[in-house]
Amino acid sequence: MFFFRMIFRSFSRQFKRRLLIAVTVCLSATVSVAMLGVVFDVGDKLNAELSTYGSNITVQPKADAVVNDLYNTGGDADSNASGTSESDPTTFLKESDAPKIKTIFWAFNITNFAPELNIHADVNCASESVDSSSCKASGVPIVGTWFAKTLHMDSGESTVAGMNGMRSWWKLDGSWPKDDSVQGLIGTTLASKLGVTKGDTVTLYKTTADGSRNKQRIAITGIYDSGDSDNNAMYIPSSTAQVLANLPDSIDKIEVKALTTPDNDLARKASKNPNALTQDEWETWYCTAYPSSIAYQIEEVIPGSVAKQVRQVAALQGDVLQKTQAVMVLMTVLSLVAAAIAVANLMAASIGERGSELALLKAIGATDGAVSRLMLAETAVISLIGAIVGALLGSGVAQIVGHVVFGSGITMRPMVFVLVFVLLTLTVLIASFSSIRSILGLKPAEVLHGR
């Protein structure tokens, strides 16, 4: 009872100094919870943010991938621009195999995908508002693809895939075409060259491999601005492109947008040769959403394919993620250091003012341990109150950061609060160490006699 009475009497004195300790710990807890909360969730947020800028995995026929690797031709997986090659593809994947992407282990991490058939055709305007004699172009890149195709999986689930979600940064004047129709989009550069506007109709002419010349009228539903060379192309439904080129069920590329974990040493080792991994390494790699493991699983379900990550996106994601996490961890460390210095100074000042009180306690029989525990208990209670308030404030600050930076809230993991409370406990103990040493050095006779 005497011990608890002393704690109560101690709280009734030096209120201002104790309040400063609580505020210091509260601010440190606020910063630590907010920063670590964002650190633990920033990977998913950053991944989702970067995924709005297109695919991070591309799938192509194995023969094309071998040629590209040997001769560094225009089919590099690091490029997203369609129609950069002037020749039509000669090897293909089956469009009917594309939905199998949603059957892999990491199917829920596949947020979108779109198959492509990249061909070239001659364009002739067929509109009463356009002079057809001057509205002609040869060798125009044509991309046959999905726009917002609903897929019904064998599992009974449905998903929507296509360019509508893959090209969210496009500026579109008009509307997206419907799948399996004779509608299409035209890039701003090509539209300006041909003098075509939305609502016009153009005719595509294509000489097929057997020598026949097919034609297809396309109604332009919109004009897009991609900000790159893609503005020279046209996008039409894949089924229409396949009929035009006489290539049924054929595609030469699949763009995949996936939520991934940034590469580390294990992922880089696996990307070179998965067979070089030990059994434990292989299981860890296969069951982690690395771009290379997702690409590997896509290759398993699509016959004759090679899946590669888009290196620029993966490198940017890893680099930005590491720098973002480093800044936030640094802010957390600095806040803890500042708290330690402030608590140490406040405790030292408190002991200096209460020297006679503590000396009296020792003079009437209190041991050094009892006096030390008294000061530690007092500081612990004050710090705990500050930490709880700071944790609540930090959770709110994290949500503000999430909505301002990423447009969505931060998922606060229990580990964050546990880690912050452990760090604050260590911080307060370290800060109290010098003060406890000064208590142990108090000599009651000298203090009480004012020496």
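One-based numbering along the sequence shown.
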| task | Please identify each residue that fulfils side-chain contact (heavy atoms from CB on, under 4.5 Å) with L27, with sequence neighbours left out. | result | V23
| note | Contacts of L172 meeting side-chain contact (heavy atoms from CB on, under 4.5 Å) (sequence neighbours excluded), chain-then-number -> W176, L185, Y224
Is the closest side-chain heavy-atom distance between [X] and [Y] below 4.5 Å?
X: L277; Y: L266; value: yes
X: I302; Y: I254; value: yes
X: F113; Y: V59; value: no
X: D230; Y: Y235; value: yes
X: R167; Y: E255; value: yes
X: S238; Y: L117; value: no
X: L336; Y: L424; value: yes
X: L259; Y: W106; value: no

Minimum-distance pair of heavy atoms, taken over all atoms of [X] and [Y]:
X: T221; Y: S175; value: OG1-O, 2.8 Å
X: L190; Y: M234; value: CD2-CG, 3.6 Å
X: A295; Y: I57; value: N-CD1, 4.3 Å
X: T284; Y: T288; value: O-OG1, 2.6 Å

Looking at [atom1] of [X] and [atom2] of [Y], how far apart are the two atoms once the value is rounded to the nearest 0.5 Å?
X: K193; Y: T188; atom1: NZ; atom2: OG1; answer: 13.5 Å
X: T150; Y: D179; atom1: OG1; atom2: CG; answer: 8.0 Å
X: I101; Y: Q297; atom1: CD1; atom2: CD; answer: 12.0 Å
X: S293; Y: I298; atom1: OG; atom2: CD1; answer: 9.5 Å
X: C26; Y: I382; atom1: SG; atom2: CD1; answer: 13.5 Å
X: I388; Y: L384; atom1: CD1; atom2: CG; answer: 4.0 Å

| task | Mind checking ring pair (Phe, Tyr, Trp, His ring centres under 6.0 Å) for Y296 and listing every partner two or more places apart, or none if nothing turns up? | result | W285
| said: Which residues pass the ring pair (Phe, Tyr, Trp, His ring centres under 6.0 Å) test with Y286, not counting sequence neighbours? | reply: W282
Examine distances only and state if a side-chain atom of [X] and a backbone atom of [Y] form a donor-acceptor pair shorter than 3.5 Å.
X: E116; Y: K253; result: no
X: T240; Y: S181; result: yes
X: S28; Y: T24; result: no
X: N231; Y: G187; result: no
X: T159; Y: L151; result: no
X: D252; Y: P61; result: no
X: S32; Y: V420; result: no
X: S335; Y: T332; result: yes
X: S395; Y: A391; result: yes
X: N112; Y: G162; result: yes

| field | Pairing residues for D280 by the salt bridge (Lys or Arg N to Asp or Glu O under 4.0 Å) criterion, not counting sequence neighbours | value | none
| request: List in chain and number order the residues that pass salt bridge (Lys or Arg N to Asp or Glu O under 4.0 Å) with D180, two or more places apart in sequence or in another chain; answer none if no residue qualifies. | output: K149
| Is there a side-chain contact (heavy atoms from CB on, under 4.5 Å) between E299 and K62 once you walk through the steps? | CA-CA 10 Å; E299 292 176 1; K62 185 175 295 185; over 6 Å; no
| request: Show your reasoning for whether side-chain contact (heavy atoms from CB on, under 4.5 Å) applies to I294 and I110. | output: CA-CA 9 Å; I294 293 178; I110 306 294; 3.8 Å; yes
| request: Go through the steps for I410 and Q399 under the test side-chain contact (heavy atoms from CB on, under 4.5 Å), then give the verdict. | output: CA-CA 5 Å; I410 297 295; Q399 301 310 314; 3.9 Å; yes
| query | Around M415, counting heavy atoms of other residues, nucleotides and ligands shown, do more than 12 lie under 6.0 Å from its CE? | reply | no
| F105 atom CZ, neighbour heavy-atom count above 12 within 6.0 Å | yes
| query | Under 4.0 Å between a Lys/Arg side-chain N and an Asp/Glu carboxylate O for E281 and K269? | reply | yes
| side-chain contact (heavy atoms from CB on, under 4.5 Å) evaluation trace for N109 with T260 | CA-CA 7 Å; N109 281 52; T260 61; over 6 Å; no
